[in-house]
Amino acid sequence: KVFVDNLVKKFGDNTVLNELSTTINDGEVVCLIGPSGSGKSTFLRCLNKLEEATSGTIVVDGFDITDSKTDINLVRQNIGMVFQHFNLFPHLTVMENIVLAPTDLKVLTADEASKLAMELLSKVGLADKHDAYPEALSGGQKQRVAIARALAMKPDIMLFDEPTSALDPEMVGDVLAVMKQLAEDGMTMVIVTHEMGFAKEVADRVIFTDGGKFLEEGHPTDIFERPQHERTKSFLDKVL
Ligand code: ATP
Ligand code: MG
(Lines give C-alpha, C1' and ligand atoms only; values in the text may rest on other atoms or scores of the structure.)
(Ligands and ions follow the chains in the order given, each with its own letter.)
Protein backbone atom coordinates (compact mmCIF):
# COMPACT_ATOMS: atom_id res chain seq x y z
CA LYS A 1 0.00 0.00 0.00
CA VAL A 2 1.21 3.47 -0.89
CA PHE A 3 -0.05 6.64 0.73
CA VAL A 4 0.90 9.98 -0.80
CA ASP A 5 -0.09 13.24 0.83
CA ASN A 6 0.57 16.69 -0.58
CA LEU A 7 3.66 15.63 -2.50
CA VAL A 8 5.60 18.54 -3.97
CA LYS A 9 8.73 18.08 -6.06
CA LYS A 10 10.70 21.05 -7.33
CA PHE A 11 13.80 21.13 -9.49
CA GLY A 12 15.13 24.58 -8.63
CA ASP A 13 12.25 26.97 -9.29
CA ASN A 14 10.44 24.45 -11.45
CA THR A 15 7.54 22.81 -9.60
CA VAL A 16 7.24 19.43 -11.28
CA LEU A 17 4.83 17.76 -8.87
CA ASN A 18 2.28 20.10 -7.39
CA GLU A 19 0.57 18.91 -4.20
CA LEU A 20 -0.27 15.37 -5.25
CA SER A 21 -2.28 13.14 -2.95
CA THR A 22 -3.43 9.59 -3.57
CA THR A 23 -3.65 6.17 -1.98
CA ILE A 24 -2.72 3.04 -3.89
CA ASN A 25 -4.27 0.01 -2.26
CA ASP A 26 -2.87 -3.50 -2.05
CA GLY A 27 -3.52 -5.34 -5.28
CA GLU A 28 -4.50 -2.20 -7.12
CA VAL A 29 -3.23 -1.54 -10.64
CA VAL A 30 -2.86 2.16 -11.36
CA CYS A 31 -1.89 3.47 -14.79
CA LEU A 32 -0.46 6.98 -15.10
CA ILE A 33 -1.05 8.65 -18.43
CA GLY A 34 -0.39 12.18 -19.58
CA PRO A 35 1.71 14.40 -21.80
CA SER A 36 5.50 14.45 -21.92
CA GLY A 37 6.98 16.46 -19.08
CA SER A 38 3.85 16.25 -16.92
CA GLY A 39 5.73 14.57 -14.07
CA LYS A 40 4.85 10.88 -14.49
CA SER A 41 8.41 9.55 -14.17
CA THR A 42 9.23 11.96 -11.38
CA PHE A 43 6.20 10.76 -9.42
CA LEU A 44 7.22 7.13 -9.87
CA ARG A 45 10.81 7.89 -8.88
CA CYS A 46 9.62 9.64 -5.71
CA LEU A 47 7.87 6.43 -4.66
CA ASN A 48 11.20 4.66 -4.16
CA LYS A 49 13.15 7.82 -3.40
CA LEU A 50 15.18 7.86 -6.58
CA GLU A 51 14.00 11.46 -6.35
CA GLU A 52 13.59 13.09 -2.99
CA ALA A 53 10.31 14.87 -2.32
CA THR A 54 10.62 18.61 -1.71
CA SER A 55 7.70 18.43 0.72
CA GLY A 56 4.79 16.18 1.56
CA THR A 57 4.55 12.62 2.82
CA ILE A 58 5.00 9.25 1.11
CA VAL A 59 4.30 6.11 3.10
CA VAL A 60 5.15 2.76 1.49
CA ASP A 61 4.24 -0.47 3.29
CA GLY A 62 3.86 1.56 6.47
CA PHE A 63 7.30 3.18 6.17
CA ASP A 64 7.42 6.96 5.84
CA ILE A 65 10.11 7.31 3.19
CA THR A 66 10.05 11.08 3.48
CA ASP A 67 11.33 10.66 7.04
CA SER A 68 15.15 10.74 6.89
CA LYS A 69 15.30 8.17 9.72
CA THR A 70 13.66 5.52 7.54
CA ASP A 71 16.10 3.01 6.02
CA ILE A 72 15.23 3.49 2.36
CA ASN A 73 17.27 0.48 1.25
CA LEU A 74 15.09 -1.78 3.35
CA VAL A 75 11.92 -0.29 1.87
CA ARG A 76 13.33 -0.56 -1.64
CA GLN A 77 13.72 -4.32 -1.20
CA ASN A 78 9.94 -4.48 -1.41
CA ILE A 79 9.61 -2.23 -4.44
CA GLY A 80 10.42 -3.62 -7.87
CA MET A 81 11.13 -1.17 -10.64
CA VAL A 82 11.21 -1.73 -14.37
CA PHE A 83 12.38 1.04 -16.68
CA GLN A 84 12.12 1.73 -20.38
CA HIS A 85 15.68 0.50 -20.82
CA PHE A 86 16.29 -2.82 -19.24
CA ASN A 87 19.55 -2.17 -17.39
CA LEU A 88 20.47 -5.85 -17.28
CA PHE A 89 24.08 -6.51 -16.35
CA PRO A 90 25.68 -7.37 -19.71
CA HIS A 91 28.47 -9.50 -18.25
CA LEU A 92 26.05 -11.76 -16.33
CA THR A 93 23.79 -14.49 -17.68
CA VAL A 94 20.03 -14.24 -17.37
CA MET A 95 20.12 -16.51 -14.33
CA GLU A 96 22.96 -14.53 -12.71
CA ASN A 97 21.10 -11.28 -13.32
CA ILE A 98 18.04 -12.63 -11.53
CA VAL A 99 19.73 -14.22 -8.49
CA LEU A 100 22.15 -11.33 -7.88
CA ALA A 101 20.04 -9.07 -5.65
CA PRO A 102 18.30 -11.69 -3.49
CA THR A 103 21.57 -13.54 -2.79
CA ASP A 104 23.69 -10.40 -2.31
CA LEU A 105 21.16 -9.01 0.13
CA LYS A 106 20.83 -12.43 1.79
CA VAL A 107 17.08 -12.48 1.24
CA LEU A 108 17.40 -15.96 -0.29
CA THR A 109 20.05 -18.69 -0.28
CA ALA A 110 21.73 -19.46 -3.60
CA ASP A 111 19.59 -22.59 -3.99
CA GLU A 112 16.34 -20.79 -3.19
CA ALA A 113 17.26 -17.97 -5.54
CA SER A 114 18.02 -20.21 -8.51
CA LYS A 115 14.85 -22.24 -7.92
CA LEU A 116 12.79 -19.05 -7.80
CA ALA A 117 14.63 -17.69 -10.86
CA MET A 118 13.64 -20.76 -12.89
CA GLU A 119 10.01 -20.38 -11.77
CA LEU A 120 10.04 -16.72 -12.72
CA LEU A 121 11.66 -17.42 -16.08
CA SER A 122 8.93 -19.95 -16.84
CA LYS A 123 6.37 -17.38 -15.84
CA VAL A 124 7.75 -14.84 -18.33
CA GLY A 125 8.15 -17.51 -21.00
CA LEU A 126 11.95 -17.68 -21.02
CA ALA A 127 12.82 -20.87 -19.15
CA ASP A 128 15.16 -21.92 -21.98
CA LYS A 129 17.18 -18.67 -21.77
CA HIS A 130 18.66 -18.99 -18.28
CA ASP A 131 22.22 -19.42 -19.57
CA ALA A 132 22.00 -16.72 -22.25
CA TYR A 133 23.71 -13.36 -21.97
CA PRO A 134 21.56 -10.24 -22.43
CA GLU A 135 23.17 -9.40 -25.79
CA ALA A 136 21.72 -12.63 -27.20
CA LEU A 137 18.15 -11.60 -26.32
CA SER A 138 15.64 -9.46 -28.14
CA GLY A 139 14.39 -6.26 -26.54
CA GLY A 140 11.16 -7.90 -25.44
CA GLN A 141 13.02 -10.85 -23.96
CA LYS A 142 15.38 -8.52 -22.08
CA GLN A 143 12.44 -6.64 -20.67
CA ARG A 144 10.80 -9.86 -19.51
CA VAL A 145 14.08 -10.83 -17.80
CA ALA A 146 14.10 -7.39 -16.17
CA ILE A 147 10.62 -8.08 -14.82
CA ALA A 148 11.68 -11.52 -13.56
CA ARG A 149 14.72 -9.93 -11.92
CA ALA A 150 12.54 -7.39 -10.11
CA LEU A 151 10.17 -10.16 -9.00
CA ALA A 152 13.05 -12.21 -7.57
CA MET A 153 13.07 -9.86 -4.57
CA LYS A 154 9.43 -10.83 -3.94
CA PRO A 155 8.34 -7.18 -3.93
CA ASP A 156 4.99 -5.99 -2.62
CA ILE A 157 4.81 -3.27 -5.25
CA MET A 158 6.01 -3.05 -8.83
CA LEU A 159 6.69 0.28 -10.54
CA PHE A 160 6.89 0.39 -14.33
CA ASP A 161 8.07 3.42 -16.31
CA GLU A 162 7.09 2.99 -19.96
CA PRO A 163 8.30 -0.62 -20.02
CA THR A 164 7.34 -1.13 -23.67
CA SER A 165 8.22 2.26 -25.18
CA ALA A 166 11.66 1.20 -26.39
CA LEU A 167 10.48 -2.07 -27.93
CA ASP A 168 9.78 -3.01 -31.50
CA PRO A 169 6.01 -3.24 -31.93
CA GLU A 170 5.98 -7.02 -32.26
CA MET A 171 7.66 -7.38 -28.84
CA VAL A 172 5.20 -5.21 -26.96
CA GLY A 173 2.47 -7.82 -26.63
CA ASP A 174 4.65 -10.39 -24.86
CA VAL A 175 5.73 -7.88 -22.23
CA LEU A 176 2.19 -6.57 -21.69
CA ALA A 177 0.96 -10.17 -21.34
CA VAL A 178 3.46 -10.76 -18.52
CA MET A 179 2.32 -7.55 -16.81
CA LYS A 180 -1.32 -8.52 -17.21
CA GLN A 181 -0.64 -11.90 -15.61
CA LEU A 182 1.12 -10.14 -12.73
CA ALA A 183 -1.92 -7.90 -12.28
CA GLU A 184 -4.21 -10.93 -12.25
CA ASP A 185 -1.96 -12.54 -9.61
CA GLY A 186 -2.79 -9.57 -7.39
CA MET A 187 0.42 -7.54 -7.57
CA THR A 188 0.17 -3.88 -6.61
CA MET A 189 1.35 -2.01 -9.69
CA VAL A 190 1.94 1.59 -10.70
CA ILE A 191 2.51 1.82 -14.44
CA VAL A 192 3.43 4.81 -16.58
CA THR A 193 2.32 3.84 -20.05
CA HIS A 194 1.28 5.04 -23.47
CA GLU A 195 -0.45 1.72 -24.10
CA MET A 196 -4.02 2.91 -23.75
CA GLY A 197 -5.47 -0.47 -24.71
CA PHE A 198 -3.55 -2.08 -21.87
CA ALA A 199 -4.59 0.63 -19.40
CA LYS A 200 -8.21 0.21 -20.42
CA GLU A 201 -8.09 -3.54 -19.99
CA VAL A 202 -5.89 -4.01 -16.94
CA ALA A 203 -5.98 -0.86 -14.79
CA ASP A 204 -8.25 -0.56 -11.79
CA ARG A 205 -7.66 3.17 -11.95
CA VAL A 206 -6.23 5.55 -14.51
CA ILE A 207 -4.68 8.86 -13.46
CA PHE A 208 -4.29 11.60 -16.04
CA THR A 209 -1.30 13.75 -15.10
CA ASP A 210 -0.89 17.24 -16.48
CA GLY A 211 1.46 20.02 -15.38
CA GLY A 212 2.43 18.23 -12.19
CA LYS A 213 -1.17 17.69 -11.12
CA PHE A 214 -3.39 14.64 -11.06
CA LEU A 215 -5.99 16.37 -13.21
CA GLU A 216 -8.43 13.53 -13.46
CA GLU A 217 -8.60 9.97 -12.20
CA GLY A 218 -11.03 7.12 -12.19
CA HIS A 219 -12.02 3.79 -13.63
CA PRO A 220 -10.59 3.37 -17.14
CA THR A 221 -14.06 3.28 -18.66
CA ASP A 222 -14.83 6.70 -17.21
CA ILE A 223 -11.50 8.23 -18.13
CA PHE A 224 -11.43 6.88 -21.68
CA GLU A 225 -15.11 7.15 -22.54
CA ARG A 226 -16.28 10.06 -20.43
CA PRO A 227 -13.29 12.32 -19.71
CA GLN A 228 -14.36 15.40 -17.79
CA HIS A 229 -11.50 17.82 -18.40
CA GLU A 230 -10.75 19.47 -21.71
CA ARG A 231 -7.06 18.64 -21.23
CA THR A 232 -7.86 14.95 -20.80
CA LYS A 233 -10.08 15.02 -23.87
CA SER A 234 -7.50 16.66 -26.09
CA PHE A 235 -4.76 14.34 -24.83
CA LEU A 236 -6.87 11.26 -25.52
CA ASP A 237 -7.89 12.61 -28.93
CA LYS A 238 -4.21 12.70 -29.81
CA VAL A 239 -3.22 9.29 -28.51
CA LEU A 240 -6.27 7.09 -29.09
P1 ATP B 1 7.79 11.76 -20.48
O2 ATP B 1 6.42 11.29 -20.90
O3 ATP B 1 8.47 12.54 -21.55
O4 ATP B 1 8.64 10.66 -19.92
P5 ATP B 1 7.21 12.65 -17.76
O6 ATP B 1 5.77 12.90 -17.54
O7 ATP B 1 7.77 11.37 -17.28
O8 ATP B 1 7.55 12.84 -19.31
P9 ATP B 1 9.18 13.84 -16.02
O10 ATP B 1 10.35 13.11 -16.56
O11 ATP B 1 8.66 13.43 -14.70
O12 ATP B 1 7.99 13.86 -17.08
O13 ATP B 1 9.59 15.37 -15.98
C14 ATP B 1 8.75 16.35 -15.45
C15 ATP B 1 9.48 17.69 -15.47
O16 ATP B 1 10.57 17.64 -14.58
C17 ATP B 1 10.04 18.07 -16.83
O18 ATP B 1 9.84 19.44 -17.01
C19 ATP B 1 11.51 17.77 -16.69
O20 ATP B 1 12.27 18.61 -17.49
C21 ATP B 1 11.77 18.01 -15.22
N22 ATP B 1 12.84 17.17 -14.70
C23 ATP B 1 12.83 15.83 -14.60
N24 ATP B 1 13.96 15.38 -14.04
C25 ATP B 1 14.72 16.44 -13.79
C26 ATP B 1 16.02 16.64 -13.21
N27 ATP B 1 16.74 15.62 -12.75
N28 ATP B 1 16.48 17.91 -13.10
C29 ATP B 1 15.75 18.96 -13.53
N30 ATP B 1 14.52 18.86 -14.08
C31 ATP B 1 14.01 17.62 -14.21
MG1 MG C 1 8.80 9.79 -18.19
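Given the structure is predicted, the values throughout are model-derived calculations rather than measurements. Values reported hereafter were calculated over all heavy atoms of this structure, with side chains retained and with hydrogens, waters and symmetry mates removed. All ligand and atom numbering here is 1-based and tracks the order in the structure.
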Examine Gly37 against ligand 1 and note whether any of their N/O atoms are separated by less than 3.5 Å.
yes

Is Glu51 in polar range of ligand 1, meaning some N or O pair under 3.5 Å apart?
no

Among all protein heavy atoms, pick out the one at the shortest distance from [atom]; state its residue, atom name and that distance to 0.1 Å.
atom                    : value
atom 20 (O) of ligand 1 : Asn14 ND2, 5.0 Å
atom 29 (C) of ligand 1 : Phe11 CG, 3.4 Å
atom 2 (O) of ligand 1  : Lys40 NZ, 2.7 Å
atom 3 (O) of ligand 1  : Ser36 OG, 2.6 Å
atom 9 (P) of ligand 1  : Thr42 OG1, 3.5 Å

Could you grab the distance from atom OG of Ser138 to atom CZ of Arg144, nearest 0.5 Å is fine?
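It comes to 6.5 Å.
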
Per-atom contact, atom 15 (C) of ligand 1, protein heavy atoms, under 4.0 angstrom
yes

pair Glu162-Glu195: side-chain heavy atoms closer than 4.5 Å:
no

Among Val29, Ile33, Thr232, Leu32, find the residue that satisfies the side chain to side chain contact (heavy atoms under 4.5 Å, CB included) test when tested with Val206.
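Testing Val206 for a side chain to side chain contact (heavy atoms under 4.5 Å, CB included) against Val29, Ile33, Thr232, Leu32 leaves exactly one candidate, Ile33.
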
Taking the inter-plane angle between the rings of Phe214 and Phe43 on a 0 to 90° scale, is it parallel (under 30°), tilted (30 to 60°) or perpendicular (over 60°)?
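Answer is perpendicular, since the angle exceeds 60°.
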
Counting backbone and side-chain atoms alike, does Gln84 have an N/O/S atom under 2.8 Å from the Mg ion (ligand 2)?
no

I need the contact type for Val16 against ligand 1. Using non-hydrogen atoms and a strict under-4.0 Å cut-off, is it side chain, backbone, both or neither?
side chain

Provide the number and element of each atom of ligand 1 under 4.0 Å from a heavy atom of [X].
X      : answer
Glu162 : 2 (O), 4 (O)
Ser41  : 4 (O), 5 (P), 7 (O), 10 (O), 11 (O)
Pro35  : 6 (O)

Looking only at side-chain N and O atoms, does Gln77 offer a donor or acceptor that is under 3.5 Å from a partner on Asn73?
no

Taking NZ, NE, NH1 and NH2 as the nitrogens, is one of them in Glu119 or Lys123 under 4.0 Å from a carboxylate oxygen of the other?
no

Should Lys233 and Glu230 count as an ion pair when the cut-off is N to O under 4.0 Å?
yes

According to a hydrophobic-cluster definition based on side-chain heavy atoms being under 4.5 Å apart (Ile, Leu, Val, Met, Phe, Trp, Tyr only), do Ile79 and Leu50 belong together?
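As far as the 4.5 Å side-chain criterion goes, Leu50 and Ile79 are connected within one cluster.
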
Treat each ILVMFWY residue as a node, draw an edge where side-chain heavy atoms are under 4.5 Å apart, and state whether Val145 and Val178 are in one component.
yes

Test item, Arg45 contacting ligand 1 (heavy atom, 4.0 angstrom)
no

